[in-house]
Trainee: 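First, the structure itself, so that you have it in front of you.
These numbers come from a predicted model, not from an experiment. First the proteins, then the strands, lettered A, B, ... as listed; each starts at 1.
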Protein chains: 2
Amino acid sequence: MVTERLDNMQSRVDTPQQPPTTPRAALATVAWLRAVSGETLDRLTEFAVLHRMPPGSMLFEQAETPAFLLCVVSGSVELFGVRGSDETLIELVGPGDLLLPAAVLNRQPYLLRARVLDEAQLVMIQAEAFRRAVASDHALCLAVLACEAAHFRRQVKSAKNIKLRSAEERVGCYFLKIAEQVLPAASFKLTLEKRLIASQLGMTRETFSRTLAGIGQHGLQVEGDTIHIINIDAARARFQLDPLIDGPEAVQPLAVEATTT
Amino acid sequence: MVTERLDNMQSRVDTPQQPPTTPRAALATVAWLRAVSGETLDRLTEFAVLHRMPPGSMLFEQAETPAFLLCVVSGSVELFGVRGSDETLIELVGPGDLLLPAAVLNRQPYLLRARVLDEAQLVMIQAEAFRRAVASDHALCLAVLACEAAHFRRQVKSAKNIKLRSAEERVGCYFLKIAEQVLPAASFKLTLEKRLIASQLGMTRETFSRTLAGIGQHGLQVEGDTIHIINIDAARARFQLDPLIDGPEAVQPLAVEATTT
DNA sequence: CGTATTCATTGACTCAAATCAATTGATATA
DNA sequence: TATATCAATTGATTTGAGTCAATGAATACG
């Protein structure tokens, strides 16, 4: 029995036994900032604050102009596209990830609404301080580029998932992907609320709920928030995972071959 | 009567009367590379080639590992998500844009298939040379970051469009957006094939075709590839453009306030 | 405690959009 | 000129998925 929450998210450098208490210490836990100099991190966090926010906290609203760059240290944040009273989950962001750095860099309005899902620690860096640091520190710029590249690829995968697969296939692949990860466990629990999975997969709660029964016919029995892996081969036969859709997309620091010049 | 093809695309620095004949000259036409030093552009194009490709040419296939970074100088390129014999248009790329730089930077497989739409001139830069240049030149790194940020935001907008709007709304907003841009013209022509618009908007050709009749009831009469703006207010009333979905998303070079340090 | 409130499930029904199929028109191609 | 080929339209039909509504289960709360 394993949980799947972190599968969608960035891995931490290490498992911090005690949470960081300063912005500086918090950034030190972010894996993809490894190559950035201490001085730059000092500069970034000089006027930064580290906040702990309870679930449900609104971090920013769609169309707002960013005042801060937010970095998730722990917990998780949901990013919604909003239209009137409708919300659709566009991205789920976890430890080590930035919240829409593209908007902050470009001084453009946020395209999404951000709300805390699991109680989160967040580093808040002044937007202008962040821009200046990116503009003046090459290593940071490279790291942010890698981060942004990962975000882009996640979006493309999500678009392919939604445009190329039926609702049942999306749900089936979502479960099968987790099942493959937790094998040889015989079952696993969902850590995400079903309404969020449904929204992320581009369907209504009801449709999602209904497809669960259908999934049961293909080796994955759903019982509440527990999924029992009854027949993995049947699931594999019905739902074919595609690494170009279902594969993980981690932030990769840019690696170049040794310069022979 | 105005065409709309370029609306989705990057603007050129200037309108080059004669097309560039060397990779170096080609990169000089790319607006967002303005701040990059001539030496770096020289280094980038040292082993680069400038190719002219006819419509239909396949540039790379999904799952391939990038050997080159491709930069579109003129013409346009379609990027498809592929599943078996199904293709869905994920992005349409025009002059001045890079083809999936994220994959090239990360040495990861392409998530999409690239095919020439309008005869295109392309600069092909060795992948490793590109990575080295980004790793060693801060200005280039910043420029690519801005480019990648724009791509990310385009993807988010597309996801919101598809997940929050009905098929008719997507089509209506697509046309209305162009109509607003060409006003006070009374009509405009589509430069994109309808099947491509349909695919980009996440629907079948047939559905797209049918919605055209419905759109006609709201002030936008479709006749072949010409759209007549009969009643712009009716169209505005039915299809509400949202800048956070329909707004343009150009590559913006990072600007920082003057350092007062 | 009982009582809201939120989430999940289920049923009945509707409807939007896909599918299948045929036709037209336009553009190549032999 | 006849013949493929492909894009677009249109009709008939199916179906996948949304909507509306009711219920149960779990959790929060006064």
Trainee: Whether B:Ser166 contacts C:dA16 is assessed here as follows: a side-chain N or O lying under 4.0 Å from the phosphate OP1 or OP2. Is that the case?
Mentor: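 Answer is no, no contact under 4.0 Å.
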Trainee: Between B:Glu61 and B:Arg115, is there a salt bridge with N-O shorter than 4.0 Å?
Mentor: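 Salt bridge: no.
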Trainee: Can you work out whether B:Lys194 or A:Ala167 has the more 5'-proximal nearest nucleotide on DNA chain D?
Mentor: B:Lys194
Trainee: Nearest whole Å is fine: how far is C:dA18 P from B:Leu201 CG?
Mentor: 11 Å
Trainee: When rounded to the nearest 0.5 angstrom, what is the spacing between CG in B:Asp225 and CG in B:Leu190?
Mentor: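 Going from CG on B:Asp225 over to CG on B:Leu190, the span is 6.5 Å.
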Trainee: What is the distance from CD of B:Glu206 to P of C:dA17, rounded to the nearest Å?
Mentor: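 For the pair B:Glu206 CD and C:dA17 P, the rounded distance is 14 Å.
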Trainee: Without decimals, in angstroms, what is the distance between B:Leu164 CG and D:dG18 P?
Mentor: 13 Å
Trainee: Could you state the CG-C1' distance from B:Asp225 to D:dT9, rounded to the nearest angstrom?
Mentor: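 It works out to 14 Å between those atoms.
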Trainee: From D:dT9, D:dA17, C:dA8, pick the nucleotide closest to the side chain of A:Arg195?
Mentor: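 Comparing D:dT9, D:dA17, C:dA8 against the side chain of A:Arg195, the answer is C:dA8.
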Trainee: Is the shortest side-chain N to carboxylate O distance from A:Arg113 to A:Glu64 below 4.0 Å?
Mentor: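 A salt bridge is absent here (no side-chain N lies under 4.0 Å from a carboxylate O).
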Trainee: Verify the contact: side-chain N or O of A:Thr204 to OP1 or OP2 of D:dA17, cut-off strictly under 4.0 Å; return yes or no.
Mentor: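 Checking D:dA17 against A:Thr204, no side-chain N or O comes under 4.0 Å of OP1 or OP2.
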Trainee: Would you say D:dT9 has OP1 or OP2 under 4.0 Å from some side-chain N or O of B:Ser209?
Mentor: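 So the side-chain polar atoms of B:Ser209 do come within 4.0 Å of the phosphate oxygens OP1 or OP2 of D:dT9, strictly under.
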Trainee: Quick one: A:Met203 CE to C:dA8 C1', roughly how many Å, whole number?
Mentor: 15 Å
Trainee: Write down the distance between CG (A:Leu212) and C1' (C:dT10), rounded to a whole number of angstrom.
Mentor: 12 Å
Trainee: Any Lys/Arg nitrogen of B:Asp246 or B:Arg165 sitting under 4.0 Å from an Asp/Glu carboxylate oxygen of the other?
Mentor: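 Result for this pair is yes, salt bridge flagged.
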Trainee: Could you state the CZ-C1' distance from B:Arg205 to C:dA18, rounded to the nearest angstrom?
Mentor: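 These atoms are roughly 12 Å apart.
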Trainee: Given the structure, check if the side chain of B:Arg210 and the base of D:dG11 hold any donor-acceptor pair shorter than 3.5 Å.
Mentor: yes
Trainee: Could you tell me the separation between the CD1 atom of A:Ile215 and the P atom of C:dT9, rounded to a whole number of Å?
Mentor: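 Roughly 13 Å, once rounded to whole Å.
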Trainee: Which one of B:Arg153, B:Arg154, B:Gln155 satisfies the side chain to side chain donor-acceptor pair (under 3.5 Å) criterion with B:Glu249?
Mentor: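 With B:Glu249 as partner, B:Arg153, B:Arg154, B:Gln155 yield a single side chain to side chain donor-acceptor pair (under 3.5 Å), made by B:Arg153.
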